[in-house]
*Asks:* 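Here you go, one structure.
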Amino acid sequence: VQLQASGGGLVQAGGSLRLSCAASGRTFSRYNMGWFRQAPGKEREFVAAISRFGATTYYVDSVKGRFTISRDNAKNTAYLQMYSLKPEDTAVYYCAADTDWNADYYRGYDYWGQGTQVTVSS
């Protein structure tokens, strides 16, 4: 499966963005999806994950209540809706896919998108 992340940009603190991850090549519903982020000089960090049909979601504590992961299997797209953005959310955001449920274990994901930059100004 090929993944294409989009929707990043520059936003002021307190603002919102919605990231999209469009998938192509294989049946989208076969894949559990994850969002990760990486800030300059830091390791890649798990953000959120969603199971194949959306029944299960999982978030890192720092984004709970502010971010929502979702998916539309008919559109072959996963989303990350981000509210109340903070400067510390600034990073390149990546979507990832795998047929196994890996949740926050990034090494378990076989497929990755190219990343989209999110910059939150204070």
*Asks:* Kindly indicate whether the side chain of R44, heavy atoms from C-beta on, has any atom under 4.5 Å from the side chain of W112.
*Replies:* yes

*Asks:* For the pair Y109 (side chain) and A103 (backbone), establish whether a donor and an acceptor sit closer than 3.5 Å, ignoring hydrogens and angles.
*Replies:* yes

*Asks:* Could you measure the distance from the OG1 atom of T99 to the OH atom of Y111? Nearest 0.5 Å is fine.
*Replies:* 7.0 Å

*Asks:* So, do R37 and D89 sit near enough that their side-chain heavy atoms are less than 4.5 Å apart?
*Replies:* yes

*Asks:* Do you know which two heavy atoms are closest between R66 and S84, and how far apart they sit?
*Replies:* NH1-O, 2.9 Å

*Asks:* Taking all non-hydrogen atoms of both residues into account, name the closest pair between S122 and A13 and its distance.
*Replies:* CA-CB, 4.3 Å

*Asks:* Run the side-chain contact (heavy atoms from CB on, under 4.5 Å) check on F36 and D104 step by step: do they pass?
*Replies:* CA-CA 9 Å; F36 293 78; D104 60 349; 5.6 Å; no

*Asks:* Restricting to non-hydrogen atoms, name the atom on G54 and the atom on R71 that form the minimum distance, rounded to 0.1 Å.
*Replies:* N-CD, 4.0 Å

*Asks:* At what distance, to the nearest 0.5 angstrom, does CZ of F46 lie from CH2 of W35?
*Replies:* 12.5 Å

*Asks:* Do the side chains of Y31 and I50 get nearer than 4.5 Å, heavy atoms only?
*Replies:* no

*Asks:* Working to the nearest 0.5 Å, report the span between NZ of K64 and OH of Y58.
*Replies:* 7.0 Å

*Asks:* Does any N or O in the side chain of Q4 come within less than 3.5 Å of the main-chain N or O of Q114, such that one atom is a donor and the other an acceptor?
*Replies:* no

*Asks:* Please name the pair of heavy atoms, one in V1 and one in A97, separated by the smallest distance, quoted to 0.1 Å.
*Replies:* CG1-CB, 4.3 Å

*Asks:* Report yes or no: do I69 and W101 belong to one cluster of Ile/Leu/Val/Met/Phe/Trp/Tyr joined by side chain heavy-atom distances under 4.5 Å?
*Replies:* yes

*Asks:* D100 side chain to D98 main-chain N or O, any donor-acceptor pair under 3.5 Å?
*Replies:* no

*Asks:* Check whether any side-chain heavy atom of T90 sits under 4.5 Å from a side-chain heavy atom of Q117, and report yes or no.
*Replies:* yes

*Asks:* Nearest heavy-atom pair of C21 and M33: which atoms, and what distance?
*Replies:* SG-CE, 3.8 Å

*Asks:* Measuring from Q81:CD to L17:CG, what's the distance to the nearest 0.5 Å?
*Replies:* 8.5 Å

*Asks:* Mind listing the closest non-hydrogen atom pair of Y83 and S16 along with its distance?
*Replies:* CD2-CB, 3.8 Å

*Asks:* What's the spacing between Q38 CD and E45 CD if we round to 0.5 Å?
*Replies:* 10.0 Å

*Asks:* Under the salt bridge (charged side-chain N to carboxylate O under 4.0 Å, His left out) rule, collect the residues that match up with K86, sequence neighbours excluded.
*Replies:* none

*Asks:* Taking the side chain as C-beta and beyond, is there a heavy-atom pair between Y79 and D72 under 4.5 Å?
*Replies:* yes

